[in-house]
Amino acid sequence: MNRREAISRVALIMGGTIISAEYFLSGCKPAPVKVTELFDKQHIKFLDEVGDTILPATKTPGAKDVHIGSFMALMVRDCYNPENQQIFVNGVTQLNDGCKQKYNRDFLGCSLAQRTEFLTLLDKEQKEYTHNKKEEQPHHYFRMMKELTLLGYFTSEQGCTLALRYLPVPGKYDGSMPYKKGDKAWATA
Amino acid sequence: MSTNTYDAIVIGSGISGGWAAKELTEKGLKTIMLERGKNIEHITGYVSANKAPWEFEHRLTRSQQMLNDHPVLKRDYVLSEANLDYWVNEKESPYKEVKPFDWFRGYHVGGRSLMWGRQSYRWSDLDFEANARDGIAIDWPIRYKDIEPWYSHVEKFAGISGSKEGLPQLPDGEFLPAMEMNCVEKDVAARINTHYKDLRRMIIGRTANITVPHNNRTNCQYRNKCALGCPFGGYFSTQSSTLPAAMATGKLTLRPFSIVTKILYDKDTKKAKGVEVLDAETNQTYEYYAKVVFVCASTLNSAWVLMNSATDVWPEGLGSSSGELGHNLMDHHFKCGANGEAEGYDDKYYYGRRANGIYIPRFRNVFGDKRNYLRGFGYQGRASREGWSREIAEMNIGGEFKDALTEPGKWTMGVTAFGETLPYHENKALLDKDKKDKWGLPVLAIDAEIKDNEHKMRVDMMADAKEMLENGGLKNVTTFDSGYTFGAGIHEMGTARMGHDPKTSVLNSWNQVWDAQNVFVTDGACMASAGWQNPSLTYMALTARAVDHAVSELKKLNI
């Protein structure tokens, strides 16, 4: 039964088929970032801040608090195929280039309001692209960044225990537990 | 007497092998259980069972390394960072896919009893009479009355939770208290049962998870981590159940890393005298001798052992005289159904993670219904609330978005059909002459596909799901058919079928190989048809029944 359920986390961009990454490669300078360089301090900081703009601290910790930058770098290195790795690292450049065009400074140089505005627009673009794209077309780099941020945050210790409710050994089942708005979701299914 | 001599040999330590070992030893037979893979100790061997999500490096997603190392496992949910060690090393043990075939194997003590889905259903005469009624393949040599006491026997020991429903096509068993449906499932079930005037019923799944303490095992803790091995012994596995019982007799020897390469057949007595074992670690060859041999190596590997045995007498192997050994391979075809949304339950949630769902037993080609195909299907499913991975259409990023994701989302409910596959002689697994495994042993070439009957059934499997969910009150119901590859049901059956006649079957009505009556095959290989229910409970019952017969025949000196 439960073994039949699809891996019901995010529809993760991991081993997906990509015919051509041309769409995102075109118009880019020759890939300036290598996957291993994602682990450099400046890139970890960049990814930390992108993640933290997606999931900032509220009543609960933000993505930066769970070291989302290192998590993204690890996932791209270990779990993405070469095509998706390329899209992701090019995305780092594209995101900064986009900020430079719009605000005259790179992402880290932007104010929180600018970062939020920019990534909100980028997410809208990503959503529209993703919903319309054919299966064989490449993924959007910002979908990758957003997915990895959600995955890394909500499966982290702080995400599970502070943003969600983590209960390792429930001991019983109640199929009709009262719920009121604001009560947290369970961390594991 | 040589130290390699026992009363009984059991090949394989999964669900069937574990049962054979328990029953044989409890009846006083000195038994050796041979397992081709490593040992996994109960509790201490379950290395991931208590890990939190953040303790998995890739948070239970798949690395490129895992994908490269597991070209077959990666095709389905089974490939997981959490229990990678429970699945076969594909590079060491390849096979040939003449047609696409997903073979998900567990080569270790306990076999797939560690990772199984635990759904446990009795068959009825609707199933045992099916081949005779439809004129398909050959008749089963047994009927429900023959197996009924053995279903009770194994249910009482294994611990099956479920509800008594009085359904003719799904006989009630010896149940521990049933698990509970959640609030949405209860209402959907009530609407379906009413709408279809009880000709279609939604019931709680019957599962080998114990809902109360049972045989010194702690009841299910609702963690839903069964496939990692349960430190509480909350579900039936070889490790939690049959192995400790067999060990308690003092009569069992368990030998891991023991690949049985052949059954040693004695032409004079027309019986097996033992087996040849290749030690998977040392490559040394050993012989073990016994009065009876139970072949429980799983459907395809049990056939493989027989095909490699007595080839000087029968070139195609022991049990091949009928021409049916390795043939009639079956599975359950699935991965189609429907999903919908439930409205009006925002003030309800659930506590605990129930490792079980709902079940809709077969309603097609029964109760006077007649379709353009034979047999039928059942549905498994569940209702739940969405989690943080859902898309929120009107939100993008930021604090509000994050806080919204910390709350549960909509209630949704999905059902997936599991359909009966007919036994086709041409669906087969035979020895490949060229390809060899790590130990130089020939591998299987598997050649099987579903045909017209199954394809027609899939139309109903999808359409009926939508209709029922809608009549159950769900909204925005969508159907899916995500495609089925033979074997993906992990319900392989039928490569050494039982029958009335040695000319058309490999085994008799007691699971004895016609050509060597002290050899018993009691796993999925013995099945003459596939039914629509999850099959493991039937293997347990057939195994216990066969052991009882074997011991009785030994006493009478008949074998």
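Protein chains get the first letters and strands the later ones, always in sequence-line order, with residue 1 at the start of each. Hydrogens, waters and symmetry mates are skipped; everything else that's a heavy atom, side chains included, is used. Quantities reported herein were computed from a predicted structural model and do not represent experimental measurements.
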Peer 1: Whether B:E407 and A:K184 form a salt bridge (side-chain N of Lys/Arg under 4.0 Å from carboxylate O of Asp/Glu) is what I want to check.
Peer 2: no
Peer 1: Would you say the side chains of B:K402 and A:T60 form a donor-acceptor pair under 3.5 Å?
Peer 2: yes
Peer 1: I want to check something: taking the side chain as every heavy atom from C-beta on, are B:R223 and A:P168 in contact at a cut-off of under 4.5 Å?
Peer 2: no
Peer 1: Assess A:K172 against B:Y222: is NZ or CZ under 6.0 Å from the centre of the six-membered ring, and within 45 degrees of the ring's axis?
Peer 2: no
Peer 1: Hey, which of A:K127, A:R165, A:Q126 has the most heavy atom pairs under 4.5 Å with chain B?
Peer 2: A:K127
Peer 1: Heavy-atom distances under 4.5 Å only: say whether B:N50 touches chain A with side chain, backbone, both or neither.
Peer 2: neither
Peer 1: Taking A:K59, A:K124, A:R77 one by one, which has the highest count of heavy-atom pairs under 4.5 Å against chain B?
Peer 2: A:K124
Peer 1: At a heavy-atom distance under 4.5 Å, which candidate from A:L121, A:D78, A:T116 has the highest pair count against chain B?
Peer 2: A:D78
Peer 1: What is the distance from atom CZ of B:F401 to atom NZ of A:K146, rounded to the nearest 0.5 Å?
Peer 2: 4.0 Å
Peer 1: Determine, using ring centers only, whether B:Y351 and A:W186 are less than 6.0 Å apart.
Peer 2: yes
Peer 1: Kindly indicate whether the side chain of A:K180, heavy atoms from C-beta on, has any atom under 4.5 Å from the side chain of B:D347.
Peer 2: no
Peer 1: Checking heavy atoms, do the side chain of B:A383, its backbone, both or neither come under 4.5 Å from chain A?
Peer 2: neither
Peer 1: At their closest point, which heavy atom of B:Q64 faces which heavy atom of A:N81, and how far apart are they?
Peer 2: NE2-N, 3.3 Å
Peer 1: In sequence, state the C-alpha distance, the side-chain angles, and the governing distance for A:R143 and B:E391, and then conclude on salt bridge (Lys or Arg N to Asp or Glu O under 4.0 Å).
Peer 2: CA-CA 12 Å; A:R143 188 170 187 83; B:E391 184 131 306; 3.7 Å; yes
Peer 1: Is the terminal nitrogen or CZ of B:R385 (NZ for Lys, CZ for Arg) located under 6.0 angstrom from the six-membered ring centre of A:Y179 and within 45° of that ring's axis?
Peer 2: yes
Peer 1: Relative to chain B, which segment of A:T161 carries a heavy atom at a distance below 4.5 Å: side chain, backbone, both, or neither?
Peer 2: side chain
Peer 1: Select one option (side chain, backbone, both, neither) describing which atoms of B:Y345 are under 4.5 Å from chain A's heavy atoms.
Peer 2: neither
Peer 1: Within 45° of the axis and under 6.0 Å from the centre of the six-membered ring of A:F71, does NZ or CZ of B:R59 qualify?
Peer 2: yes
Peer 1: Would you give the length of the straight line joining atom CD1 of B:I397 to atom CD of A:E117, rounded to the nearest 0.5 angstrom?
Peer 2: 10.5 Å
Peer 1: Just by distance, no angles: are the side chains of B:D403 and A:T58 close enough, under 3.5 Å, to form a donor-acceptor pair?
Peer 2: yes
Peer 1: Side chain, backbone, both or neither: which part of B:M179 has a heavy atom under 4.5 Å from chain A?
Peer 2: neither
Peer 1: So for A:A57, is it side chain, backbone, both, or neither that comes closer than 4.5 Å to the heavy atoms of chain B?
Peer 2: backbone
Peer 1: State, yes or no, whether a side-chain contact exists between A:L164 and B:W388 at a heavy-atom distance under 4.5 Å.
Peer 2: yes
Peer 1: Take B:W54 and A:Y166, measure what ring pair (Phe, Tyr, Trp, His ring centres under 6.0 Å) needs, and give me the verdict at the end.
Peer 2: CA-CA 11 Å; B:W54 56 88; A:Y166 179 62; 5.1 Å; yes
Peer 1: Would you compute the distance between atom CG of A:L55 and atom CG of B:L405 and round it to the nearest 0.5 angstrom?
Peer 2: 7.0 Å
